[in-house]
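The basis for the numbers below is simple: all heavy atoms, side chains too, and nothing from hydrogens, waters or symmetry mates. Keep in mind it's a predicted model, so treat the numbers as computed, not measured.
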Amino acid sequence: MKKFLTILIIIGVLAISSFASAQDLTEPKIERWTFERYSDPTTGQLFVLTDENAVCKYATIDKDYDAMDNFDATGSTKHYQNIPISESENIYYVRCKDNEGNVNKESTILKFTAEQLKAINCPVLRDPYCPLGKLMSWGKDDAGCDLPKTCCGNKECNTKETEENCPIDCTKCANENDVLNRDATVGFAKKECCSAYLEVAVTPAYSVCVKCGNGECDYPESYETCAEDCSKQCPKLGVIECAKGVLISSGKDKEGCSLPPSCCGNGECDTKENFNSCPKDCKEGNVRLTKVWTDSKTYRSGEKIKVYATVMESDGTTVTPSEGAKVSFDIVAVNGLAIPGFGSQLMTFSSTERYYTGTSYVPKRNPVKVTVTVYYGKDTIRKHTEVIRVTDIPEEEKAKEEKETEKEKRECEKKDGYCTEISECKEGYALSERLGCEDKDNCCLPKETEEEREPSTPTGACEGCKKEDSCLPYGTRVVEESIPTYCGLTKTLTPQVEEGSICQNNYECKTNECSNGTCISTYGLLAKIMQWLKSIFG
């Protein structure tokens with residue numbers, strides 16, 4: 001009886017652990033909240049941000065979740081609620097429940113003091129978009145509230161801007177070294193360089209006005225744009241002020257000349273900088289997977305498919321592998337599940353076309369879709385294409401094609417396409433074996449070619465990670481200098497991540513278990529359950 005009870009306990013533990021590993025057991029977390037007051041001083045709006053999709057409720061006294069009232073707008077990670085405002089202290093209690101049914105056991109208490117409410121009387125102002133300029137503050141109004149800021153550098157001369165305080169926007173034409181925005185997505189600048197200067201495009205997003213003909217080849221002048229000043233030698237790079245940071249290389253241009261370095265640490269995310277190369281200046285999350293497409297919408301099973309993707313920074317520049325971006329794609333079922341035999345493949349970057357490409361073949365499943373993933377710094381960005389259709393040749397059409405092929409072969413054998421009229425070849429050549437009709441001009445082949453007709457398999461190619469004299473397949477786990485690592489898609493040994501981190505495969509986790517996109521530890525859960533059972537049965 002005791003053995004039977006032990007077996008039942010073990011089966012129960014395994015069933016519970018299997019169920020728990022497939023379920024989200026973590027309650028939603030309120031990451032931050034804010035309050036905005038309307039022009040009517042007696043009303044306002046409460047905003048709550050959660051770390052996952054959830055339904056949030058509120059009350060003026062602490063209650064259970066079911067006894068609270070729903071937010072006006074909820075169900076995602078952003079939740080809004082219109083509330084009445086009192087000049088005395090305002091207190092609200094908030095609880096949320098995620099899609100897995102996990103509910104906050106305790107309320108988050110939101111308080112607004114009378115002094116805070118007084119400050120909130122000012123309207124909430126949002127800074128204008130200003131990636132290529134500088135925000136200008138205009139002080140406070142008579143009520144002590146901040147006046148709206150303007151962007152000096154957006155090519156618009158605001159009523160508060162003048163030629164003195166913002167010449168880049170308020171002069172009729174651009175002077176030497178002035179930057180002209182040429183990005184239509186941001187707002188194309190109509191201003192042109194003054195007649196004494198030449199506009200030189202630096203990127204498709206912006207140009208610079210330069211003095212061509214002064215005998216100095218200054219950046220961004222080149223031999224192509226200003227042959228008067230520049231020879232085919234590399235131009236001189238001007239001095240870049242970087243007292244508060246460190247100069248980092250921007251690489252070389254197509255002629256092999258060094259590009260001007262950027263200053264990492266000056267608080268400005270230069271067009272040559274990104275979060276991977278300069279986290280001090282560039283915020284994480286600026287990368288966008290702007291477009292994903294395929295070379296067709298309909299394929300036959302086994303046919304090649306080509307996938308394209310563009311990855312951009314927020315300023316409109318392309319993110320390249322040299323900046324730390326890694327782009328891969330998968331072919332998956334329409335429900336997102338993996339298809340056997342189809343794994344992630346790394347995409348290559350085209351420096352001329354400025355997009356990533358990858359090729360694979362189409363599975364025998366209809367329909368399917370393509371998933372593209374970008375790994376950049378701590379960011380993981382995914383995007384799906386439209387569903388693509390897979391068709392096969394009807395059986396009657398297959399039979400017809402095979403019949404026509406066999407007929408062509410018989411007609412070919414009746415002709416001289418099989419080298420039947422040649423009995424010997426000149427010195428150094430040998431008579432080949434019977435060749436197809438399309439090869440009738442190659443009956444006599446060089447002896448060395450004939451002897452080496454069997455293709456040789458290239459050696460030395462490693463499809464995984466190169467380690468000393470070995471080639472490790474994808475997913476292989478090894479310890480490098482006391483650090484657990486695995487062979488990833490980038491063909492490099494990558495450190496495994498901790499429990500609770502984002503993952504796609506078991507080998508990416510130190511626990512060697514990945515469930516629902518998160519590293520888990522079944523052993524740790526089993527240990528807790530066994531301890532609980534031990535406390536019950538002694």
In short, E303 meets R300 closest at the heavy-atom pair OE1-N, 2.8 Å
Item to complete: Could you check I331 against V362 for side-chain contact (heavy atoms from CB on, under 4.5 Å), going step by step and ending with a plain yes or no?
Response: CA-CA 8 Å; I331 298 179; V362 179; 5.7 Å; no
Self-check item: Sub-4.5 Å side-chain heavy-atom contact between T494 and T485
Solution: no
S301 and P363 have their tightest heavy-atom pair at CB-O, 3.7 Å
Is I483 close to Q496 at the side-chain level, that is, under 4.5 Å between some pair of heavy atoms? no
Sorted by chain and residue number, the ring-ring contact (aromatic ring centres under 6.0 Å, His included) partners of Y356 (sequence neighbours excluded) come out as F349
(message) Counting only heavy atoms not in K369 (residues, nucleotides, ligands), do more than 12 fall under 6.0 Å from its NZ?
(response) yes
query: Donor-acceptor pair, T290 side chain versus T310 backbone, under 3.5 Å?
result: yes
For a disulfide bond (SG atoms under 2.5 Å apart) check, start with the C-alpha distance between C471 and C465, then their side-chain angles and the critical distance, and finish with the verdict.
CA-CA 6 Å; C471 180; C465 301; over 6 Å; no
Before giving the answer on side-chain contact (heavy atoms from CB on, under 4.5 Å), spell out for Q81 and D69 the whole-Å C-alpha distance, their side-chain angles and the decisive distance to 0.1 Å.
-> CA-CA 10 Å; Q81 175 61 42; D69 295 324; over 6 Å; no
NZ of K57 to CG of N70, rounded to nearest 0.5 Å, is 5.0 Å
Distance col, row D127:CG vs T150:OG1, nearest 0.5 angstrom, shows 10.5 Å
The salt bridge (charged side-chain N to carboxylate O under 4.0 Å, His left out) partners of E199 (sequence neighbours excluded) come to R182
Those residues at least two apart in sequence (or on a different chain) that pass side-chain hydrogen bond (donor to acceptor under 3.5 Å, both in side chains) with Q345 are S360
Side chain T373, main chain S328, donor-acceptor under 3.5 Å:
no
Taking every heavy atom of S350 against every heavy atom of E353, the minimum-distance pair comes out as OG-N, 3.1 Å
Is it the case that the side chain of T359 and the backbone of K306 share a donor-acceptor pair, with hydrogens and angles ignored and the cut-off at 3.5 Å? no
**Prompt:** Any luck finding a side-chain donor-acceptor pair between S296 and T298 under 3.5 Å?
**Reply:** no
side-chain contact (heavy atoms from CB on, under 4.5 Å) filter on E27, not counting sequence neighbours, yields N102, N104, K105
With sequence neighbours left out, the residues meeting side-chain hydrogen bond (donor to acceptor under 3.5 Å, both in side chains) with N505 are Y507, E508
Hits for side-chain hydrogen bond (donor to acceptor under 3.5 Å, both in side chains) against Y65, two or more places apart or cross-chain, chain-then-number order -> none
- Item | Verdict with supporting geometry, T77 and N53, side-chain contact (heavy atoms from CB on, under 4.5 Å) | CA-CA 5 Å; T77 58; N53 290 341; 3.5 Å; yes
Is the closest side-chain heavy-atom distance between Y58 and M68 below 4.5 Å? no
Separation between CG (D98) and CD (E52), nearest 0.5 Å, reads 4.0 Å
Notebook entry, point to check: Do C509 and C519 have their SG atoms less than 2.5 Å apart?
Noted result: yes
Sorted by chain and number, sequence neighbours left out, side-chain hydrogen bond (donor to acceptor under 3.5 Å, both in side chains) with T294 holds for none
All heavy atoms of C151 vs all of G133, minimum pair found to be SG-CA, 4.4 Å
Of all heavy-atom pairs linking P367 and V387, the shortest is CB-CG1, 3.3 Å
In short, T74 meets V55 closest at the heavy-atom pair OG1-CA, 3.4 Å
**Asked** Looking at side-chain heavy atoms only, is the closest gap between L472 and L493 below 4.5 Å?
**Response** yes
With sequence neighbours left out, the residues meeting salt bridge (charged side-chain N to carboxylate O under 4.0 Å, His left out) with K134 are none
Check: Less than 4.5 Å apart, any side-chain heavy atom of T357 and any of T348?
Finding: yes
*Does the side chain of V374 come within less than 4.5 Å of K326's, by heavy atoms?*
no
Self-check item: Heavy-atom side-chain contact between P128 and N154 under 4.5 Å
Solution: no
Margin query: Applying side-chain contact (heavy atoms from CB on, under 4.5 Å) to V48 and T108, what does each step give before you reach the verdict?
Written below: CA-CA 10 Å; V48 171; T108 298; over 6 Å; no
Rounded to the nearest 0.5 Å, the CG atom of D51 sits from the CD atom of E31 at a distance of 5.0 Å
Would you call the rings of H79 and F71 parallel, tilted or perpendicular if under 30° counts as parallel and over 60° as perpendicular?
perpendicular
With sequence neighbours left out, the residues meeting ring-ring contact (aromatic ring centres under 6.0 Å, His included) with Y299 are none
The salt bridge (charged side-chain N to carboxylate O under 4.0 Å, His left out) partners of E499 (sequence neighbours excluded) come to none
Across all chains, not counting sequence neighbours, the ring-ring contact (aromatic ring centres under 6.0 Å, His included) partners of W293 are Y308, Y355
Would you call T318 and M312 a side-chain contact if the rule is heavy atoms closer than 4.5 Å? yes
K304 meets the salt bridge (charged side-chain N to carboxylate O under 4.0 Å, His left out) criterion, sequence neighbours left out, with none
